[in-house]
Amino acid sequence: MKVALGQIRIISNNPNKNYLEMEDTIKRAIKENADIIIFPELCVSGAYVSKRNLNDNFIEDVLSYNDKIVALSKDIDIIWGSYYKEELLYNAAYYAKNGAVVDYSLKSNLDKSRNEDQFFTPKSKSFSIEIEDIMYEVSLDNHKENTIYLCTNIYKHDESIPMKKNSILISGVGIYNDGNSVFGLRGESYFNYHGLEASLNEVYESELLVLDTQSFIEYLNIPSDEILPYILPILEMFDEEHLSYGPKWIVGVSGGLDSSVSLALLSLAIGEDRVHGVTMPGEFTRDITLSNAYHLSKKLGVSFQEIPIGKLVKETVNTLNEAAYDRVEGLTYENIQARLRGHTLMSVASLINGVVCNNGNKVETGLGYATMYGDAIGALSVLGDLTKLEVGQLAREINEAYDEDVIPLNLIPKIESDRIAWDFAPSAELSQDQFDPFKWGYHDNLLVYLLSNSPESVLEMYLDESIYNTNFGMYMRHLELDNPHAFIEDFEWFLRTIQLATYKRLQTPPIVRVSKVGFEFENQSNIYKTKQYELLKEEILKK
């Protein structure tokens, strides 16, 4: 029996394009003499459909395409994910054969992170089909042995979805945008038959794989820790789906690591002809920074300009002086510079029909190290789900892709056994000798840990010393955080700063998501320290 896996590109809110993609894939599968073809969950409507589109007319359109798919089943059996409606609306998987629907499954475990519970009614129903000598349950809920699992698989190398014996996992490729994050639908569908595994290896690639169970070969899908192959397609699809009018992407190029990586990423994803760099030197800009910015723009071949902000800063301070604010200094003065850079970028964007790229990384986003209406602006945060160390890794991958050092090596962190070394330490350059206030390596990995674990668990690990075996604890002795008082002081600053920055994160652009854990379900309420937290803290300080 020949089984076809239709890992297709799915575009949210565009059932016509999705149907045409399915139709073409079905025709190709028929040419290869496939007996059955299987498509992903919600492949007609798209994985995320906003409320503005989910109305009766849109639902009727989706259901009408279901009828067209059924008509295509005269020459091949088809399983696909779409809407099912009686009085209520359900997330369903259909099985059509010989021009008629044979059976269907309904999803009961609705994904609240995709707001499925706002659109669909949960209901448990499944059916089974036989492929050669094995009965497979067709399910939208369960990924287990002897199952055909239709899903939306959005996270890079999600260990919660390992291969199961005698199972098929089918996922689409594409993106969906929930307004806060831009998720990538990575694909990586597979068929495990009697322990032999066939995988669709090209993540983010539409692919048709036809397998004959009588001559099943083992395909190896070796996981990679690379970031570039995962993030580039998301940028390409975001630009195609949300910015189809083809604006310029404006990048504020400071000459630092993050902005350099943003500029190179967009050049690779969109093309250098639609990327424009702007460097905005100020009073504290260093020569090496400006040199890096010009080096990068020349290597990439993007349009580039220098717009100094010194006069704007001076006039802003003069205006405030005239309004009786005699002293404009410290953080206020730093933020004026950052906001004027944001103002400049937005002005350039309006002049050349562009959108601004947000350059902030995950640590800066988490701790609010950005100025509202300054460097926190943008149409998309391309690095907001990557720690500084991951941005450094991405820089190395970009240099490999270009086969030369387009990202200056003096910007890329050097990861040693228990410390991070820099030739040119990160700085916002908003005051004299200013450097970013982070403990690189430790804070990067601690933030990721705390996004899915409790503060109490960190204190517990500190007490039993297992913390030194974690990917953040390995840096602690070098940073002198093995001192209990220094550890608690830094830890509570870290927690407090994350919480205080919530309002900034709520106003940042959508973040490109490539990891499993991001900034979701934000709450601006004050930090509550449990009794257990206070007991653990007290015990640590006694050490």
Side-chain angles (χ1 to χ4, degrees), residues 9-14 17-18 40-42 45-53 111-116 152-158 171-188 203-206 227-247 249-251 258 261-263 265-270 274-275 354-362 364-366 370 376-387 390-391 394 448 451 504-522:
R9 167 80 180 275
I10 301 172
I11 301 176
S12 290
N13 302 320
N14 201 323
K17 279 193 174 181
N18 295 331
E41 175 187 16
L42 294 175
S45 62
Y48 176 81
V49 178
S50 62
K51 287 183 178 179
R52 71 169 186 236
N53 288 327
D111 187 347
K112 292 184 179 179
S113 69
R114 287 199 275 135
N115 296 319
E116 278 193 302
T152 304
N153 181 10
I154 62 173
Y155 298 121
K156 176 178 180 286
H157 304 313
D158 188 345
S171 170
V173 297
I175 60 170
Y176 75 83
N177 184 347
D178 67 4
N180 182 53
S181 300
V182 179
F183 294 90
L185 310 179
R186 70 183 187 187
E188 295 186 296
V203 294
Y204 294 120
E205 290 288 339
S206 296
I227 300 171
L228 191 61
Y230 286 86
I231 199 168
L232 277 182
I234 296 178
L235 297 180
E236 292 170 5
M237 289 184 281
F238 180 91
D239 181 76
E240 176 190 337
E241 294 184 24
H242 299 306
L243 300 170
S244 58
Y245 62 98
W249 281 85
I250 316 298
V251 182
D258 296 336
V261 169
S262 293
L263 193 72
L265 270 179
L266 288 168
S267 299
L268 282 169
I270 313 301
R274 284 187 50 214
V275 180
V355 293
V356 175
C357 170
N358 182 286
N359 295 327
N361 62 57
K362 195 166 190 169
E364 292 171 336
T365 302
I377 63 168
L380 184 68
S381 173
V382 300
L383 305 177
D385 197 34
L386 298 174
T387 67
E390 289 171 327
V391 176
L394 186 54
V448 174
L451 287 173
K504 291 186 179 182
R505 290 192 296 276
L506 291 172
Q507 298 180 68
T508 55
I511 296 171
V512 173
R513 280 285 294 277
V514 293
S515 74
K516 186 176 180 181
V517 183
F519 303 105
E520 290 129 346
F521 309 113
E522 294 275 33

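Throughout, numbering of the chain's residues begins at 1 and tracks the sequence. Here the structure is a predicted model, which is why all the values come from computation and not from measurement. Excluded from the calculations below are hydrogen atoms, water molecules and symmetry mates; all remaining heavy atoms, backbone and side chain alike, are included.
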### Task
Go through the structure and list residues passing side chain to side chain donor-acceptor pair (under 3.5 Å) with Asn18, not counting sequence neighbours.
none

### With sequence neighbours excluded, residues passing salt bridge (charged side-chain N to carboxylate O under 4.0 Å, His left out) with Asp385
Lys362, Arg513

### Interatomic distance, Leu380 atom CG to Ile234 atom CD1 [nearest 0.5 angstrom]
9.5 Å

### Query
Which distance, rounded to the nearest 0.5 Å, do you find between the CD of Glu364 and the OG1 of Thr387?
11.0 Å

### Query
For Pro509, which residues count as a side chain to side chain contact (heavy atoms under 4.5 Å, CB included) partner, sequence neighbours excluded?
Asn358

### Query
Can you list the residues that meet the side chain to side chain contact (heavy atoms under 4.5 Å, CB included) rule with Thr508, with sequence neighbours excluded?
none

### Query
Does a side chain donor of either Asp258 or Asn359 reach within less than 3.5 Å of an acceptor in the other side chain?
no

### Task
For Phe238 and Val512, run side chain to side chain contact (heavy atoms under 4.5 Å, CB included): C-alpha distance rounded to whole Å, both residues' side-chain angles, the deciding distance at 0.1 Å, then the answer.
CA-CA 9 Å; Phe238 180 91; Val512 173; over 6 Å; no

### Query
Would a 4.5 Å heavy-atom cut-off, applied to side chains only, mark Ser515 and Val448 as touching?
no

### Task
Return the set of residues passing salt bridge (charged side-chain N to carboxylate O under 4.0 Å, His left out) with Arg274 (not counting sequence neighbours), or none when no residue passes.
Asp239

### OG on Ser171 to CD on Glu188, rounded to 0.5 Å
8.5 Å

### Query
Who are the side chain to side chain contact (heavy atoms under 4.5 Å, CB included) partners of Glu116, not counting sequence neighbours?
Glu41, Leu42, Asn91, Lys107, Leu110, Asp111, Arg114, Phe120

### Task
Using side chain to side chain contact (heavy atoms under 4.5 Å, CB included) as the criterion, list what pairs up with Ala379, not counting sequence neighbours.
Val355

### Message
To the closest 0.5 Å, what do you measure between CD (Glu241) and CG (Asn177)?
### Response
9.5 Å

### Query
Who pairs with Arg505 by side chain to side chain donor-acceptor pair (under 3.5 Å), at least two apart in sequence or on another chain?
Thr502, Glu522

### Sequence-distant partners of Glu240, salt bridge (charged side-chain N to carboxylate O under 4.0 Å, His left out), two or more places apart
Arg9

#### Entry: Nearest atoms (heavy-atom pairs only) where Leu235 meets Ala269
CB-CB, 3.8 Å

### Query
Does the side chain to side chain contact (heavy atoms under 4.5 Å, CB included) test come out yes or no for Val261 and Asn361, once each step is laid out?
CA-CA 11 Å; Val261 169; Asn361 62 57; over 6 Å; no

### Query
Can you tell me how far CD1 of Ile231 sits from CD of Glu390, rounded to the nearest 0.5 angstrom?
10.0 Å

### Task
Give the minimum heavy-atom separation between Phe519 and Gly384, together with the two atoms involved.
CE1-O, 4.0 Å

### Query
Under 3.5 Å, is there a donor-acceptor pair between the side chain of Lys17 and the main chain of Ile11?
no

### Tyr176 vs Ile10, side chain to side chain contact (heavy atoms under 4.5 Å, CB included): CA-CA, chis, key distance, verdict
CA-CA 9 Å; Tyr176 75 83; Ile10 301 172; over 6 Å; no

#### Entry: Residue list, side chain to side chain donor-acceptor pair (under 3.5 Å) with Ser381, at least two apart or on another chain
none

### Task
Under the side chain to side chain contact (heavy atoms under 4.5 Å, CB included) rule, what do Leu265 and Leu228 come out as? Steps first, then yes or no, please.
CA-CA 8 Å; Leu265 270 179; Leu228 191 61; 3.6 Å; yes

